[in-house]
Chemist: 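This is the structure I want to talk about, given as structure tokens.
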Amino acid sequence: MTQRFYVTTPIYYVNSSPHVGTAYTTVVADALARFHALRGERTFFLTGTDEHGLKLEREAQRKAMSPQAFVDEMSERFRDLWPKLLCRPDDFIRTTERRHEEGVQRAWQRCVDSGDIYLGSYEGLYCVACEDHKTEKELLEGNLCPVHGRPVERVTEQSYFFKLSAYGDRLLEFYKRNPTFVRPETRLNEVVSFVEGGLRDLSISRTSFSWGIPVPGDPKHVMYVWFDALFNYLTALAGTEREGALWPPDVQLVGKDILRFHAVYWPAFLMSAGYADDKLPRTIWSHGWLLTDGQKLSKSREGPSHGRGTTDPVRVADAVGADVLRYFLLREVSLGQDGEWSVPSLVSRARSDLAETVGNLLNRALPFAKHFDGRVPHAPAETLSDADRALEALAATAARDAAAAWAEPAPHRALEATIELARAGNRYFDESAPWRLAKAGDLARLAAVVSHVLELVRVVSVMLWPATPSKSDAIRAQLGLDPLAPRVDADLWPLAWGGLAAHTALAPGQPVFAKFDAQQQAQIFKELDVTTEETKPEAPAKAPKAAKPAEAKPAEAPPGPLTYEQLMATVDLRLAKVLAAERIPRKDKLLKLSVDLGEAAGPRTIIAGIALAYAPEALVGKQVIVVANLPPRDFGGGLVSHGMLLAAGPSDGLSLATFEKDHAPGTRVK
RNA sequence: GCCGAUGUAGCUCAGUUGGUUAGAGCAGGGGAAUCAUAAUCCCAAGGUCGUCAGUUCAACUCUGACCGUCGGCACCA
């Protein structure tokens, strides 16, 4: 029976553009699919976009677009990205597609039929003045809002609930029988302890917005994010031949931040919808994050970061090539663990592994073909030496090891084994010294050596293909071979020696891999905003991060034209002097300030989230700018802020706005 | 503060079920070679495996505490 391999990435929320972290997950999925395809399996690689929810509804509103038009545009950014990274998903599902909406509604109905969905209500405490929900413990004596001192109201909102609480035991049993359901193993432990802690029913519908999939039979409700999103993995196949042939997924890649949804909610939903244990996903693979200087990549850290270069995958792929980017992501990061993202280390990795090891091996072997009419020499078995045989054996071992690693999946180890084989090829080449054989006129031995090296390069080109498909094919072209074209039931993995036939016409060409010499490297660093020693200003140590040449994104809708009068009527900015500042126990980011605004009522208390950037002592006496006409804001624990300080920057490198000269507290900013 | 990770050569990381001199790549040092995009190959050097206790005949590998770093949450906008 034909093996099959179904791999998924999360569907990406279209609220933001893809960054290198998003690209990472997709590249891994693509590489796994390519590996399994090479083995002759029927593969299916699914990705897509998640397009519902209040956030997107609002974002569209702000841009004066219909939600559909907005998500259409955003989804394109993802769809267009993947080919640039040589990713070839077999399908791209959008949660706003009809097939998905219908599929999810069917799934919902099946959960209803199982008795697992019921209509309930959220009960909450609500302060009309704050327009916000409160929790019991925030309230002052007598159920008063701590901000306004007014009584809060008890409000209820209808919501459908999923009886997750009923699935705890079944889930635990399932984990026990399928210890590789969640990987790496430490993540399974986390999931198990979460479930053991008891599960609460999930609220899975909302009436407070409409941009979502209507609940069957009750269209006031739209489905809440996870119920909608998780089923994409199923709806992409539903109603087609694929469902029977491919379900369930073999590997579902997820970031560790969304593991819980995939490892707990998702199987519970499926169980409820009538899927037996053997029809549940085989493995939820929780991969790590890419870090820059130990920080998670995120939207707020886009652009140059600490001199390590951009995190925009398109710019990187344009500068160094998609193959190289893919190779780096797969080789440098150990799947399941966090990895460092850095353009300089990408360049150095590409140079030493790809150009100087693999590319070089090809380049140094090809010139010898001139002794054989430009063709792969024929080397009869009796001309082979122990070293030749040893090389063959080594290749077989490496191919086996790499295949096992890819199947694991552990791409970084697979690629390590691959490069190690190419390294051995260089060693063999040195020891065999074909240039001496050529001078001595020993064509029999020369044929053996050259054919062995060329075949080794072929082997390496296949082993590299999941990571660097276009470069692998470029190597193959020089070897006179066709591009790799996986077929179902044909195992192309190079377990057997001799795939490169004697007398094949070679086609030497330009070096396959860029060398990234000093000049190229400088060019790349420049393009990708890498700060090198030369370009870095002196004494960079503690200096606040230079205002980066921010590609001023018009992301936040610019406020419409505003007259001066309107502005002054809206925002009341005042100069103020900090009288006192103290840390707040248990609130790492907050400082409690006493600030003089020149008001008769005396100084105000302002809570500001600047503790990571400013020591309290450093603030006393400082002139700051305060938004004076904000309503009081409750920070819990009896802390109420009566104003806001103007500041900008990341929370750990924030700077407060001030003026060059001191003026009387209370002076209005104009 | 709670929860969770992590701490191995200058850098990035491997170290399987505890067992002789702890591994690789990169960088740096020395040498060989000259077929190759000055690429390659060899050699040497470099680590009290975060700290302190404990279990054991034996711990980088197990247990505990502590320290450092990071992430999530809380809190923040």
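Residue numbers begin at 1 in each chain, while the letters A, B, ... track the order of the sequences. These figures come from a predicted structure and were not determined experimentally.
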Chemist: B:G10 and B:U51: how far apart are their P atoms, nearest whole angstrom?
Modeler: 14 Å

Chemist: Determine all donor-acceptor pairs shorter than 3.5 Å in which one atom belongs to a side chain in residues 411-418 of chain A; sequence neighbours excluded.
Modeler:
| unit_1 | atom_1 | unit_2 | atom_2 | d |
| --- | --- | --- | --- | --- |
| A:His412 | NE2 | A:Ser334 | OG | 3.4 |
| A:Thr418 | OG1 | A:Ala414 | O | 2.8 |

Chemist: What about A:Asn360, does its side chain sit under 3.5 Å from the base of B:A36 through a donor-acceptor pair?
Modeler: yes

Chemist: Salt bridge between A:Glu420 and A:Arg427, side-chain N to carboxylate O under 4.0 Å?
Modeler: yes

Chemist: Using whole Å, report how far CZ of A:Arg331 lies from P of B:C26.
Modeler: 11 Å

Chemist: Stem ranges for RNA chain B, with three or more consecutive Watson-Crick or G-U pairs under 3.5 Å?
Modeler: B:1-7 with B:67-73, B:10-13 with B:23-26, B:29-32 with B:40-43, B:50-54 with B:62-66

Chemist: Can you sort out which residues in residues 511-518 of chain A have a heavy atom within less than 4.0 Å of RNA chain B? Ascending by number, please.
Modeler: A:Pro511, A:Val512, A:Phe513, A:Lys515

Chemist: Look at the rings of A:Phe181 and A:Tyr175 and say which category their plane angle falls in: under 30° parallel, 30 to 60° tilted, over 60° perpendicular.
Modeler: parallel

Chemist: Name all pairs fulfilling the salt bridge (charged side-chain N to carboxylate O under 4.0 Å, His left out) condition that reach into residues 358-368 of chain A, sequence neighbours left out, sorted by first residue then second.
Modeler: A:Arg364-A:Asp430

Chemist: If I take atom CG in residue A:Asp353 and atom C1' in nucleotide B:A39, what distance separates them, rounded to the nearest angstrom?
Modeler: 14 Å

Chemist: Quick one: A:Asp430 CG to B:C43 P, roughly how many Å, whole number?
Modeler: 12 Å

Chemist: Taking the ring centre of each residue, are A:His378 and A:Phe372 less than 6.0 Å apart?
Modeler: no

Chemist: Could you tell me which residues satisfy ring pair (Phe, Tyr, Trp, His ring centres under 6.0 Å) with A:Tyr12, sequence neighbours excluded, listed by chain and number?
Modeler: A:Phe78, A:Trp82

Chemist: Tell me the interatomic distance from A:Leu454, atom CG, to B:C35, atom P, rounded to whole angstroms.
Modeler: 17 Å

Chemist: A:Arg351 has an atom CZ; how far is it from atom P of B:U12, in whole Å?
Modeler: 17 Å

Chemist: What are the residues of residues 408-426 of chain A, sorted by number, that bring a heavy atom to within less than 4.0 Å of RNA chain B?
Modeler: A:Arg423, A:Asn426

Chemist: For A:Arg427 and B:C42, is the shortest distance between a side-chain N/O and OP1 or OP2 below 4.0 Å?
Modeler: yes

Chemist: Starting at CH2 of A:Trp435 and ending at C1' of B:A39, how long is that distance when rounded to a whole Å?
Modeler: 12 Å

Chemist: How many Å lie between CD on A:Glu431 and C1' on B:C42, as a whole number?
Modeler: 9 Å

Chemist: Could you tell me if the ring centre of A:Phe261 sits under 6.0 Å from that of A:Trp226?
Modeler: yes

Chemist: Just to be sure I understand the rule, does A:Lys439 reach a base, reach only the sugar-phosphate, or reach nothing, if contact means heavy atoms closer than 4.0 Å?
Modeler: sugar-phosphate

Chemist: Find the distance A:Leu456:CG to B:U40:P and express it as a whole number of Å.
Modeler: 16 Å

